[in-house]
Amino acid sequence: MVPRGPLNSVRGAPLRGAGNCATSHRRARTRRTTPNHPPTGNTHAPARKASRSPPSTHPCHASQVLKAPATNLPRCQATGLIGTACLALGGETAGALPVRELIAPSTPRAALGLVGVYFGVVLLIAAWTLLGRLVRSANPPTVRSLMLVLAVWAAPLLLAPPLFSRDVYSYLAQGAMVDAHMDVYTHGPALLGGPLAAEVAPVWQQTGAPYGPLFLAVASGLSGLTRGEIPAGLFGMRLVALLGVALMAAALPRLARHNGADPAAALWLGALNPLVLLHLVAGAHNDAIMLGLLGVGLVAALGRWPILGAVLVTLAALVKAPALLGLAAVVALQMRAGRSPARAVLTTAGAAAATTVAVTALAGTGYGWIGALKTPVSPQNWALTSLLGRATAAALTELGSDLAPLAVPAWHLLGIAVTVLAIAVIWLRRPRLSPLYALGLSLAVVVVLGPAIRPWYALWALFLIAAAAPSTSPAVRHRLAAVTGVVALLALPSGAPAETEQLVLAVSGGALALVVLWQAHQAAQSPLRENTV
């Protein structure tokens, strides 16, 4: 649970003892007007002197006014709504548009759209930060209120173009390939041809799908429903992503209560997070449905349905493989409930195997997805091991060594080895950690040391840590919130690599938002200052 600080903390909560200010004033007036001793001498002089003195403000009242909360839930909701509305409007010219609608980045319309998107991103981050202050205050919003805020913030993005990535076009093309009975794990979208394949980024044209059979079955079903129409397909993928986000939001409070954490704080960090809105909703990434299934599977495993939990977690892994680590949490939760280790492992493994066989058979994609897990990553990926590999290759090239081409694969293998070791250490320490927290830390290691990284991958770990971080360590959530604010600014709305001119425009949009926020803050503070006079 995020501990609520003292009522007189800097978090904007009411001052401790603020309700006694009026009493203090009355006592002060009593002392001034009712002397303890009979008056002597000229009693009118002190009265005349007091009448000439300017009125003063009691320190308690001044402190109360200056430290009173400068925001409230409707204001946070409105600020975030304006932010996502600016995102949607800016995306109409600067987003990851279909090829036939793309606008040159140098045109005024594209420039204005980029400024608008980053204006909206900064507003959204600010609204989320202020909402966090309310969640940590003495009178936090309810879980239901936060759910409404999430719905309001997400609404403008429902019909917006894809933002920050073109992956959704790959999803549609791969679904069309499955619908056409092509081997999506052996061939890339280039084999499909046509308008959908043209929307896929060139680097992925010849690359097989790295996704599991469940997601490809969903994508294939959408392809059949939309008959290859891109706008309808994009809308369908966004609905799937919204379903995943809804499952995440429904699971978080329950997971938090089980771990003794504050459900509202978990929902704020894990579902209202700007990364969720920017990448899972606006970007329509399939990580949303993976995390949603993982969350409800863990909720089921916490209750009396461990086998159902294993099935749901396996379904999450059949969307994207990292969710497979969730089965370890299902086993651990059964053991905590009193089941023997052998029984917990056997029932979980049996449910997972049966689910995998059934879904793969129904999807008709075969087991090529296991080999597709080795799908190559982008050459310019910003993963730690990729950066180290490229730096090593450059150094070896300067030295004239023939080993330079092996540098990146070697660093990737080393990263995988360290990941396995770190996860083993985490789970060996598990008796001192909750299974959900151990799972969150394990996914964090996968993200940091894996061969590929994207901004939305941070949500794999953040989703679970939000619900399971020890209540005695609020610094964990504070650091994650700070990381969120930084990572949310790292991608351009078009999903393309950044150029200098675009960076200048993005910074300008963010700076403009900061100016507007400062002016709004000053306007909100003015009445409070006037009350101190």
Side-chain angles (χ1 to χ4, degrees), residues 164-167 170 188 201-204 206-212 275 279 283 285-287 290-291 317 319-326 328 369-429 438-465 479-480 482-484 486-492 495-498:
F164 305 105
S165 171
R166 299 189 68 84
D167 284 4
S170 295
V203 69
W204 307 120
Q206 305 293 336
T207 304
Y211 309 120
L275 294 178
H279 296 292
H285 284 285
N286 56 7
D287 302 69
M290 176 193 79
L291 292 174
V319 174
K320 293 190 79 169
L324 190 65
L325 288 171
W369 57 275
I370 298 176
L373 297 177
K374 298 182 293 184
T375 295
V377 299
S378 170
Q380 299 302 316
N381 193 275
W382 286 87
L384 176 61
T385 53
S386 294
L387 288 173
L388 292 172
R390 291 200 295 271
T392 304
L396 292 173
T397 301
E398 288 292 329
L399 296 173
S401 173
D402 295 334
L403 298 176
L406 301 177
V408 173
W411 274 105
H412 285 171
L413 286 175
L414 179 61
I416 292 172
V418 174
T419 298
V420 172
L421 178 62
I423 291 174
V425 170
I426 289 170
W427 285 96
L428 287 175
R429 289 183 59 203
L439 176 58
L441 294 177
S442 300
L443 288 170
V445 172
V446 171
V447 172
V448 172
L449 297 178
I453 192 169
R454 300 286 188 273
W456 54 94
Y457 287 8
L459 291 168
W460 300 354
L462 195 149
F463 169 65
L464 291 166
I465 294 176
R479 293 189 187 108
L480 288 176
V483 169
T484 291
V486 174
V487 174
L489 300 169
L490 294 183
L492 288 179

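Between atom CG of residue L428 and atom CD1 of residue I423 there is a gap of 12.0 Å, rounded to the nearest 0.5 Å. L291 contributes atom CG, which lies 6.0 Å from atom CZ of F463 (distance to the nearest 0.5 angstrom). T419 contributes atom OG1, which lies 11.0 Å from atom CG of L443 (distance to the nearest 0.5 angstrom). Atom-to-atom distance recorded for L439:CG and L464:CG is 5.0 Å, nearest 0.5 angstrom.
Under a 3.5 Å cut-off, the side chain of S386 and the backbone N or O of P451 do form a donor-acceptor pair.
The shortest distance between side-chain heavy atoms of D287 and L459 does not fall below 4.5 Å. Between Y457 and K320, some side-chain heavy-atom pair lies under the 4.5 Å cut-off. Under the 4.5 Å side-chain criterion, counting only non-hydrogen atoms from C-beta, W460 is not in contact with L325. Side-chain contact between L406 and L396 is absent, with no heavy atoms from C-beta onward closer than 4.5 Å. Between L387 and W382, some side-chain heavy-atom pair lies under the 4.5 Å cut-off.
Nearest heavy-atom pair across W427 and S442 is NE1-OG, 3.0 Å. In terms of heavy atoms, T385 sits closest to G415 at CG2-CA, 3.8 Å. For the residue pair A383 and G450, the shortest heavy atom distance occurs at CB-O, 3.5 Å. P497 and L492 get closest at one heavy-atom pair: O-CD1, 4.0 Å. Closest of all the heavy-atom pairs between Y211 and W369 is O-CB, 3.8 Å. The minimum heavy-atom distance between V408 and R390, with the atom names listed, is CG2-N, 3.8 Å.
Between W456 and H285, the ring planes are parallel. Angles under 30° get that label, and only those over 60° would be called perpendicular.
With respect to V418, the side-chain contact (heavy atoms from CB on, under 4.5 Å) criterion is satisfied by exactly one of L414, V420, I416: L414.
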